Amino acid sequence: MEDLPDADIPPSPVQPRYHTGRFPNNKAGDGKPRLLLMGQRRSGKSSISSVVFHKLPPSETLYLETTTRIKKESMHSFMDFQVWDFPGHLDYFDPAFDVDNIFDEIGALIWVIDAQDEYLDAIVRLNATILNLQQTYPNINVEVFVHKVDGLSDDFRNEVIQDITQRVMDELSDNGYENAPVSFYSTSIYDHSIFDAFSKVIQKLIPQLPTLEALLDSLCRNCHIEKAYLFDVLSKIYIATDTSPTDIGSYEICSDYIDVVVDVSEIYGWDRGDEEAQARNNENAINDAESLITLEKKSNNYLYLREINKYLALICLMGDDSPADKKPLIDYNVGVFQEALAQVFPRGEK
């Protein structure tokens with residue numbers, strides 16, 4: 001971790017640009033990439049938004065009202081962004097709608113398909129939307145959430161996902177778009193899959209993701225860490241991880257541990273949800289956190305957690321090889337990582 005020039009600069013002939021929280025294609029310059037939640041009625045769009053961004057228990061989503069108008073919400077975190085929840089009955093390409101206003105500054109289009117319902121109509125609307133967007137906005141990332149898979153058997157779940165993927169990609173290929181930027185995820189609000197999917201969506205919006213991965217790789221290599229995640233504390237989305245293979249089991253362990261941070265901080269620490277307090281502290285947002293550092297054994301692993309700043313926490317998974325003896329070394333290297341991260345995310349400039 002001491003050789004920071006190698007960690008800071010990804011191997012590219014292009015001079016790197018440190019991320020300032022502003023999406024590069026955002027013409028408004030308000031620093032808020034936009035996530036559009038679209039899909040058929042009752043597919044689960046509002047439930048996803050409520051569970052991921054508002055910490056609503058999944059069991060309480062049954063009482064959410066049907067969305068009848070476009071809901072726009074701003075999320076304040078390491079990188080401010082907007083979430084737009086669209087009613088399922090709207091025709092977005094109707095002349096009455098300002099298409100440019102909806103899609104021109106988009107970060108990602110998230111299309112939700114109910115895997116437990118008849119989904120052929122949803123696929124038809126999805127394909128029509130993608131084909132319309134490809135003509136004017138070919139670089140928009142389309143993220144397809146095959147949702148509510150918790151009620152399906154493993155074999156049937158795989159068949160449904162494969163069938164949806166095949167139908168969408170065949171239609172795009174027939175229309176000359178073999179390499180359209182479309183990704184597919186199986187999701188449910190009753191497990192960690194929805195957070196894992198959102199993590200991968202958000203990572204595509206971070207220009208300096210290679211820099212973050214290089215820093216985490218260096219940290220893991222120097223401290224013999226098996227897996228490291230950089231979490232957004234409020235949403236439990238991980239904005240980066242090292243380049244070693246990621247499995248849902250390690251993510252679940254770390255995600256559950258994040259709840260401890262939030263619970264403790266809500267009692268003794270920052271008022272993270274207070275926008276007025278956030279505005280006062282923006283200039284100091286990249287300073288040291290309130291020094292919540294833990295090293296705890298969970299099953300056959302040790303978990304190392306450290307708050308990096310007001311928005312982010314680093315969680316590392318280590319094997320059972322007396323990592324307590326290495327804690328001073330880990331603390332030092334994480335401190336170096338924290339200083340490098342302040343350059344990548346200079347939140348105070350906003």
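All values derive from a computational prediction rather than experimental measurement. Residue numbers run from 1 in the order of the sequence given.
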Heavy-atom check, side chain of [X] versus side chain of [Y], under 4.5 Å:
X      : Y      : result
Ile110 : Met38  : no
Leu341 : Leu212 : yes
Leu303 : Cys254 : yes
Val182 : Asn141 : no
Ile206 : Ile239 : yes
Asp232 : Tyr238 : no
Leu36  : Trp111 : no
Ile330 : Met318 : yes

Q) For residues Thr243 and Asp217, is any side-chain donor paired with an opposing acceptor at under 3.5 Å? A)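 Per modelled atom types, Thr243 and Asp217 side chains form a pair under 3.5 Å.
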Electrostatic pair [X]:[Y] at N-O distance under 4.0 angstrom:
X      : Y      : value
Asp114 : Lys148 : yes
Lys327 : Asp331 : yes
Glu143 : Lys200 : no

Q) Would you find more than 12 non-hydrogen atoms of other residues, nucleotides or ligands less than 6.0 Å from Asp121 atom CG? A)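 No, CG of Asp121 has 12 or fewer neighbouring heavy atoms, counting only those of other groups under 6.0 Å.
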**Q.** Residues, nucleotides or ligands: over 12 heavy atoms within 6.0 Å of Glu73 CD
**A.**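 Enclosed.
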Interatomic distance, [X] atom [atom1] to [Y] atom [atom2] [nearest 0.5 angstrom]:
X      : Y      : atom1 : atom2 : result
Ile70  : Trp84  : CD1   : CH2   : 7.0 Å
Ser244 : Arg221 : OG    : CZ    : 12.0 Å
Arg41  : Asp117 : CZ    : CG    : 12.5 Å
His224 : Lys326 : NE2   : NZ    : 5.0 Å
Ile164 : Tyr119 : CD1   : OH    : 5.0 Å
Met75  : Phe53  : CE    : CZ    : 5.5 Å

For the student: nearest non-hydrogen atoms of [X] and [Y], plus distance:
X      : Y      : answer
Ser193 : Ser188 : OG-N, 2.9 Å
Thr61  : Pro58  : OG1-O, 2.6 Å
Tyr251 : Tyr229 : N-OH, 3.6 Å
Asp150 : Arg157 : CA-NH2, 4.4 Å
Arg125 : Gly88  : NH1-O, 2.5 Å
Asp242 : Leu216 : N-CD1, 3.9 Å

For [Y], does its backbone N or O pair with a side-chain atom of [X] as donor and acceptor, under 3.5 Å?
X      : Y      : answer
Ser50  : Ser47  : no
Ser173 : Met169 : no
Thr241 : Ala228 : yes
Ser43  : Gln40  : yes
Asp163 : Glu159 : no

**Q.** Distance flag, aromatic centroids of Phe231 and Tyr257, threshold under 6.0 Å
**A.**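 Between Tyr257 and Phe231, the centre distance exceeds or equals 6.0 Å.
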Q: Start with the C-alpha gap between Ser199 and Asp196, add the side-chain angles, then the distance that decides, and say whether side chain to side chain donor-acceptor pair (under 3.5 Å) holds.
A: CA-CA 5 Å; Ser199 299; Asp196 186 52; 5.2 Å; no
Hydrophobic cluster membership, with links at side-chain heavy-atom distances under 4.5 Å among I/L/V/M/F/W/Y: are [X] and [Y] in one?
X      : Y      : result
Ile248 : Ile189 : yes
Leu131 : Leu120 : yes
Val124 : Val160 : no
Tyr190 : Leu56  : no
Phe156 : Phe184 : yes

Q.
With side chain to side chain contact (heavy atoms under 4.5 Å, CB included) as the criterion, how do Ser218 and Asn222 come out once you've worked through the C-alpha distance, each side chain's angles and the decisive distance to 0.1 Å?
A. CA-CA 6 Å; Ser218 182; Asn222 283 279; 3.4 Å; yes
Q. Which is it for Leu215 and Leu219 under the side chain to side chain contact (heavy atoms under 4.5 Å, CB included) test, yes or no, and what are the steps along the way?
A. CA-CA 6 Å; Leu215 287 169; Leu219 178 64; over 6 Å; no
Q: For the residue pair Phe198 and Phe145, categorise the inter-ring angle as parallel (less than 30°), tilted (30 to 60°) or perpendicular (more than 60°).
A: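 Judged by the thresholds at 30° and 60°, the geometry between Phe198 and Phe145 is perpendicular.
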Q: Could you walk me through whether Glu171 and Asn175 pass the side chain to side chain contact (heavy atoms under 4.5 Å, CB included) test, one step at a time?
A: CA-CA 6 Å; Glu171 177 72 17; Asn175 285 273; 3.3 Å; yes
Q: Determine, step by step, whether Val201 and Ile237 satisfy the side chain to side chain contact (heavy atoms under 4.5 Å, CB included) criterion, reporting the C-alpha distance in whole Å, the side-chain angles of both residues, the deciding distance to 0.1 Å, and the verdict.
A: CA-CA 10 Å; Val201 171; Ile237 291 172; over 6 Å; no
